[in-house]
Amino acid sequence: MKIELDKTYEAKKFEDEIYKTWEESGFFNPDNLKNAKKPYCILMPPPNVTGILHLGHALENSILDTEIRFRRMCGYKALLLPGADHAAVATQARVEKELQKSGIKNPREELGREKLLEKIREYSENSKSTILNQIRKMGTSCDWSRFAYTFDETRSRAVNTLFKKMYEDGLIYKGYRAVNWTVRGQSTCSDDELIYEDEPVTIYTFKYSHDFPIPIATTRPETKLGDTAVAVNPKDDRYNKYIGQKFTVSVGALNPLTITIIADENADINYGTGAVGVTPAHSMVDFEMYQKNKEIGIIPVIGPDGKMTENAGKNYEGLTVLEAREKFVNWLKENNLIIKQEESIHSVGKSDRFNDVIEVIPMKQWFIDVNKIIPGKNKSLKQLMKDVFTTGHNGKNKKIIKITPDRFLNSYMQWIDNLRDWCISRQIWWGHRIPVWYRGDKIFIPKTITELYITRHGITDWNKEGKIQGTTDTPLDEDSISNIELLANKLKNEKIDIIISSTQKRARQTAEIINQKLKIKFETNELLIERNYGDFEGQNLEKVKMKYPEYKKDKINFDIPGEEETYKEVKKRIEEFIKYINKNYSGKKILIITHNAVARAFYMIMKGAKDTEASKYKLQQGEIEKYCILDGNNPKDYKQDPDTLDTWFSSGAWTFSTLGWPDKTKDFKKFHPTQWMQMGYEILFFWMARMILMTTYAIDDIPFEEVYIHGILRSKEGKKFSKSLGNSLDPIEIIQNYGTDALRLSLIKGIAPGNDAKFYEEKVLGARNFINKLWNISRYILMSSDYVKLIKKQPRPITLADEWILRKLNTLIESATKDLKVHNFSMTSEALYDFTWTDFADWYIEISKVEKGKNEILLYILQTLLKLWHPFIPFITETIWKNIDSRLLMISSWPKSNKTKSDVLIEFGKLQEIIIAIRNLKNEHKIDLKTIIDCHIESEKYFELIVNQIGIIESLAKVKLTNEKYKDVVHISDVDIYIEITINEADKQKQIRETIAYINLIEEKLNNKKFTQRAPEHIIDNEKKKLKSAYDLLEKLK
RNA sequence: GGGUUCAUAGCUCAGUUGGUUAGAGCGUUACGUUGACAUCGUAAAGGUCAGAGGUUCAAAUCCUCUUGGACCCACCA
């Protein structure tokens, strides 16, 4: 069978189909790698659900996938676990911004919690599915069946479990502390979420009053309305006599300020006035001083709305910070209290998401205590975070994390030293709600949370007509089934444990349709049924009511006589049902399919609503109402904390939450700790530090054995890619133009770990050209082969060229394997590139056109090359492989090197040297390379070589070898080439000069006694050899 | 203030523990379309490895300093 391939490789034609083949093969899932034993697990850094794939993702995916494909081929149980991050602040900020654009000025106020969350959920789901498809486009071989989302059920459970554990260990506390506050975002943010920008400011040096002995300086005069102390250095002779004294000053605040003079080593005698005005409420550093000197007190003068509070005094209350600043400065001026006023540059902290100036404000928030000794550990979180890089976790050598490049360790350690308690509560709504409830003032963290998802049956014909159905067994309307399926899809991600439905047909039927998707436990329960009791069903209300004489007496709460059930009886029935749940399904997630009146009863019980509100409640079909039962208690007495958790709290748990923790799953046992982690240096503190914190604490282990840090991509001008700069490149567009393989190769070739790299289209173009070269190499071999089959054993070499190429190939296998084991992607790709294009295509394939009968060897080299290249450029290699073998290249085994002779390298090198010398001569004399000229070669040393390789020389250099000596001769070391071209005398002289200089260089070395005494023997021998052939050459040239 | 990092050909970068006359791609120049490939071939030009000093038999590589750029952390009263 003749194989036909297109003249050029068109990525678009193959990539989607190939990815589909891989995915359907099931081998992305390590469970299907039956022969593999040793696990190799990598967690994908989960992309945020705020946008689309950018170049950074493309880089990460290229690196991750190259690594995992290599490991898979090496026989590991390779798992690349994909995920996505709900990215709390980032996502909410994005959606709010878009809503504002569409005219909703204050989304939180106008929509309310539930509706805004619904909008964000919608946006994030869209964004998630887009970005996941784009990750498929990158060729990433991750196990989609294990996909994890930081905000899904399993991950939420991990977050809640972790929170509870840390709270019980006293590591999480609720405290009143100064926090970073974004007025625009109306939320706290951590120290790491600030970006600092230099801005011009005015520094005012002033005195609180004329009597006050110490002048102080500030860039934030308005905060001085809340000063409670002045700190001076105890060694400062000017001021130390005042230490401990209190001064009362009136600066216009609500109450006169009592300023205590305190001692603090941090006050620099030589800087400014040498004294620091202390505003505990509005400065992190000052707050720490307050903690050491609680007696000085704390007066907040700025509120969460960014306006001055009552404490600031009547003149200032309600003013913005800037207005207050101006007014206070004016007051100081009027009273001649300003001593100096100077302009300066100041770096101002801003919120990276909301881009407004951060105010430091004291608040009651949740914190993680990083200094507290962990019960039973005798160490703080800070110490745990350091240990993994120094002594190893629990002092074990094996539990030291290897970081590449290790220079990042320095800044990590420095960061840990400066770490303050981590504020984890946020006032935004998109995120894990803090799993804490309050009963009055008491904090309550339940052991088990039973979750009820209440929904109604699907629509029946009777519903359509507005009839009361009561105990009838009306079936579902055919048209409504698709709506129920939609509902089922929504529920799929919620990890429901059991479905309980009313026994009535319409509910049972609904449950069955849903369970076709969920495939979980399903039971029916009589307590959930609807009786002939439809008096609150809306449009029939009046009619029904009028049937009963009691209605006139007691307008709302009345009993219905006869067989029908009263409202109170329904409530009783549901209370009984809840008892049943608590007894049998405590801690589970339960989907309840029931009827309107029953749903209402749930509402009344769970929310503790008054009976008079009953008729106002209606659950629409298709809607879900969620309730939590906390340790079997009725939720109506408990109020959940309204705040959410910092998104990095859930990210910190990533390496184990993705593997099913807190359950002791098979995955967790097999794959944790993970083998390799990869991330950009910009999230080292955000993410790596937090993963280490969480894992060492909760799992008592390291999260990963190795972490590989990559740099960021920059434009040709060295700028960051960003939408706002308008210089961003869309990876998807690049893929469409050049193919995924070209993009991947251009991202990986020429990068060093931890270093930034410039990226531009020409690089992709170069990679694309290479891809095409590889295609054509394959095309030539496959099309000109007598047969195509899998060559399992290295064929026996026959000629020198065979020996040479196999030697080169085996060296390549060795170096590629060695380098990939230490994640040296760039170097490996360059070595492969060089071999493929230069050694294989330019030399060996050309030789194969002269020396026939290389079918098997060519196929063998091609197959080996496809394997070696596969981790980098999976699509084209798999596409070509399809023509060779029916099994997937993806799971073929990584090549092993064979023994080969090494001495052929010198011989073949000489052959190349001869050919290049002749080509060069022709070029210099403007003779078409293809023109065959006569040539005579003499060499004592390489006589045999030349005789044996006449064919190759004649064909690659396009010469005819003759016995006739021409007058003109070219010398290269140990070989004389006589040709019918007049040799340029100047060239000859130049060559002589160069050779002499070279000889001098070596002689100088060899004459140096220290060199001959101390250098290793093989180095000296080598120098001697070099000298000898240089002399020979010089002799001939003369 | 503490720390990290970069400077190698016109451009973008490799150069693994010090050891051939320092490499690649792009670009440039010259020549070339015979059946794998013009997304190509053949060859050439182009570098005092930022500067100075040191360690060493030997330095682009290790150390110190200088110059110029990038970055991180803290402080910024």
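Atom set for the values below is all heavy atoms of this structure, side chains included, hydrogens, waters and symmetry mates excluded. A note on names: the letters A, B, ... follow the listed sequences, proteins ahead of strands, and every chain is numbered from 1.
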**Asked** On RNA chain B, nearest-nucleotide positions of A:K1005 versus A:F685: which is more 5'?
**Response**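 Nearest-nucleotide comparison on RNA chain B picks A:K1005.
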**Most 5' of A:A267 and A:N1008 on RNA chain B, judged by nearest nucleotide** =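 So the residue in question is A:N1008.
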**Message:** Output one letter per nucleotide in nucleotides 28-42 of chain B: B when a protein non-hydrogen atom lies under 4.0 Å from the base, S when only the sugar-phosphate is that close, - when neither is.
**Reply:** --B-S-B-BBSBSSB
**Asked** Could you write nucleotides 6-17 of chain B as a row of B, S and -, 5' to 3', where a protein heavy atom under 4.0 Å of any base atom gives B, of only sugar-phosphate atoms gives S, and otherwise -?
**Response** ------SSSSB-
**Message:** I'd like to know whether the aromatic ring centres of A:Y242 and A:Y239 sit less than 6.0 Å apart in this structure.
**Reply:**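 So the answer is no for these two rings.
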**Asked** B:G23 and B:G46: how far apart are their P atoms, nearest whole angstrom?
**Response**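 Roughly 14 Å separates the two P atoms.
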**Span that lies between the C1' atom of B:U17 and that of B:U61, in whole angstrom** =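 Going atom to atom, C1' in each nucleotide, I get 11 Å.
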**Message:** Does anything in residues 402-415 of chain A form a side-chain hydrogen bond (donor to acceptor under 3.5 Å, both in side chains)? List the pairs, not counting sequence neighbours.
**Reply:**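 Passing the test, one end in residues 402-415 of chain A: A:D192-A:W415, A:R407-A:N755.
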**Request:** With sequence neighbours excluded, give me every side-chain hydrogen bond (donor to acceptor under 3.5 Å, both in side chains) pair touching residues 263-274 of chain A.
**Result:**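 Of all non-adjacent pairs touching residues 263-274 of chain A, those that pass side-chain hydrogen bond (donor to acceptor under 3.5 Å, both in side chains) are A:D264-A:N266.
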**Message:** Looking at A:R220 and A:E359, is any side-chain nitrogen of the basic one under 4.0 Å from a carboxylate oxygen of the acidic one?
**Reply:**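 Yes.
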**Message:** Are there runs of at least three consecutive Watson-Crick or G-U pairs touching RNA chain B, with each pair's two distances under 3.5 angstrom? Give them by first number.
**Reply:**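 Ordered by first number, the stems with RNA chain B (at least 3 consecutive pairs each) read B:1-7 with B:67-73, B:10-13 with B:23-26, B:28-32 with B:40-44, B:50-54 with B:62-66.
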**Prompt:** Quick one: does A:Q414 reach the base of B:G3 with a side-chain donor-acceptor pair under 3.5 Å?
**Reply:**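 No pair found.
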**Request:** Check if the side chain of A:S347 and the base of B:C76 share a donor-acceptor pair of N or O atoms closer than 3.5 Å.
**Result:**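 Looking at the base of B:C76, it does pair with a donor or acceptor on the side chain of A:S347 (distance under 3.5 Å).
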May I ask you to say what [X] touches in the nucleic acid, namely base, sugar-phosphate or nothing, with a heavy-atom cut-off under 4.0 Å?
X: A:N410; result: sugar-phosphate
X: A:T219; result: sugar-phosphate
X: A:G766; result: nothing
X: A:V822; result: nothing

Results of ring-ring contact (aromatic ring centres under 6.0 Å, His included) for [X] - residues two or more places apart only:
X: A:F875; result: A:W22
X: A:Y9; result: A:F14, A:W775
X: A:Y708; result: A:W676, A:F825

Hey, could you give me each pair passing salt bridge (Lys or Arg N to Asp or Glu O under 4.0 Å) that has a residue in [range]? Not counting sequence neighbours.
range: residues 271-288 of chain A; result: A:E288-A:R420
range: residues 918-930 of chain A; result: none
range: residues 835-847 of chain A; result: A:K808-A:D839, A:E846-A:K849

**Item:** Per A:N418 side chain, nearest of listed nucleotides B:G19, B:C75, B:A74
**Value:**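 Looking only at heavy atoms from C-beta outward on A:N418, the closest nucleotide is B:A74.
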Side-chain donor/acceptor pairs under 3.5 Å, residues 1000-1009 of chain A, sequence neighbours excluded:
from, atom 1, to, atom 2, distance (Å)
A:N1000, ND2, A:I996, O, 3.4
A:E1003, OE2, A:Y1031, OH, 2.4
A:N1007, ND2, A:E1003, O, 3.2
A:N1008, OD1, A:K1010, N, 3.0

**Prompt:** Between A:K1026 and B:U21, does any side-chain N or O lie under 4.0 Å from OP1 or OP2?
**Reply:**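 True: A:K1026 side-chain N/O within range (under 4.0 Å) of B:U21 OP1/OP2.
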